[in-house]
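Structure, as structure tokens:
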Amino acid sequence: LAKTTQPISMDSYEGQEVNITCSHNNIATNDYITWYQQFPSQGPRFIIQGYKTKVTNEVASLFIPADRKSSTLSLPRVSLSDTAVYYCLVGDIQAGTALIFGKGTTLSVSS
Amino acid sequence: DTAVSQTPKYLVTQMGNDKSIKCEQNLGHDTMYWYKQDSKKFLKIMFSYNNKELIINETVPNRFSPKSPDKAHLNLHINSLELGDSAVYFCASSHTPGLRTYEQYFGPGTRLTVT
């Protein structure tokens with residue numbers, strides 16, 4: 001299983017762009033990269049998923065370099081409500097190994 | 001509202017007791033999961049059911065027994081509760097992995113406290 005490494009915590013101010021990088025050096029060919037967000041006392045919420053290059057939705061962008069050994073979740077113009085824990089998951093969707101949550105990155109946004 | 005719901009939200013009980021947590025989803029998903037999140041916020045998969053069939057059974061004490069009466073429900077029964085079982089338990093659901101974007105929808109969690 002691909003192990004992921006993320007920063008434990010990050011700080012930002014409102015209006016800034018935040019980039020959270022996840023390292024997954026031993027990612028396998030069939031592995032996808034998925035990011036979740038979790039607020040205190042709530043279950044995780046799906047943010048974005050990708051396999052290679054760039055994926056963008058209304059919430060975030062996911063950048064994946066050609067070697068796929070890392071990925072970057074980009075949150076444009078964060079607000080106080082983006083303060084949460086962000087998890088990077090890497091795994092084979094069909095094999096059911098895309099279910100390993102790491103320790104996540106605690107993002108704190110200040111005004 | 002369409003969602004994943006869990007009952008109860010809070011559960012306080014004594015060591016040695018048996019308790020159950022219920023989960024229901026009305027999203028039309030055919031795969032459901034149970035996760036455990038400990039005090040260090042580490043979220044770990046416990047079980048997964050696809051169309052009422054157990055497909056993932058991680059290293060979990062056999063005091064934990066999931067039951068899926070139908071695709072929309074996945075209950076978790078815990079026998080002989082121990083202090084170390086105190087945690088937040090999350091239920092989640094998704095479409096069958098591989099058919100489309102693999103997105104899990106999580107319930108609000110059940111905070112279990114064993115005293």
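Here is the naming used below: chain letters follow the sequence lines, and residue numbers restart at 1 for every chain.
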Please report the closest heavy-atom contact between A:F46 and B:Q104, naming both atoms and the distance.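 Residues A:F46 and B:Q104, closest heavy atoms: CB-O, 4.3 Å.
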Can you give me the closest heavy-atom contact between A:K103 and B:F42, atom names plus distance?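 Nearest pair, atom of A:K103 first, then B:F42: CG-CD1, 4.1 Å.
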Determine the option with the most heavy-atom pairs under 4.5 angstrom with chain A, choosing from B:Q37, B:R111, B:K9, B:K44. B:Q37
Between atom CD of B:E103 and atom CD1 of A:I48, what is the distance when rounded to the nearest 0.5 Å?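 One gets 11.0 Å once the value is rounded to the nearest 0.5 Å.
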Are [X] and [Y] connected in the hydrophobic side-chain network, where two residues link if heavy atoms are under 4.5 Å apart?
{"X": "B:M15", "Y": "B:L76", "result": "yes"}
{"X": "A:L75", "Y": "A:W35", "result": "yes"}
{"X": "B:I45", "Y": "A:V85", "result": "yes"}
{"X": "A:F63", "Y": "A:V59", "result": "no"}
{"X": "B:W34", "Y": "B:L43", "result": "no"}

Measure B:Q6 against the heavy atoms of chain A and call it side chain, backbone, both or neither at under 4.5 Å. neither
Do other residues, nucleotides or ligands put more than 12 heavy atoms under 6.0 Å from the CZ atom of A:F39?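 More than 12 within 6.0 Å, yes.
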Short side-chain to backbone donor-acceptor contact, B:Y35 and A:G43, under 3.5 Å: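 No, the answer is negative, given that no donor and acceptor are paired below the 3.5 Å cut-off.
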Side chain to side chain, B:K41 and A:Q38, heavy atoms closer than 4.5 Å: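 The answer is no; the side chains never approach within 4.5 Å.
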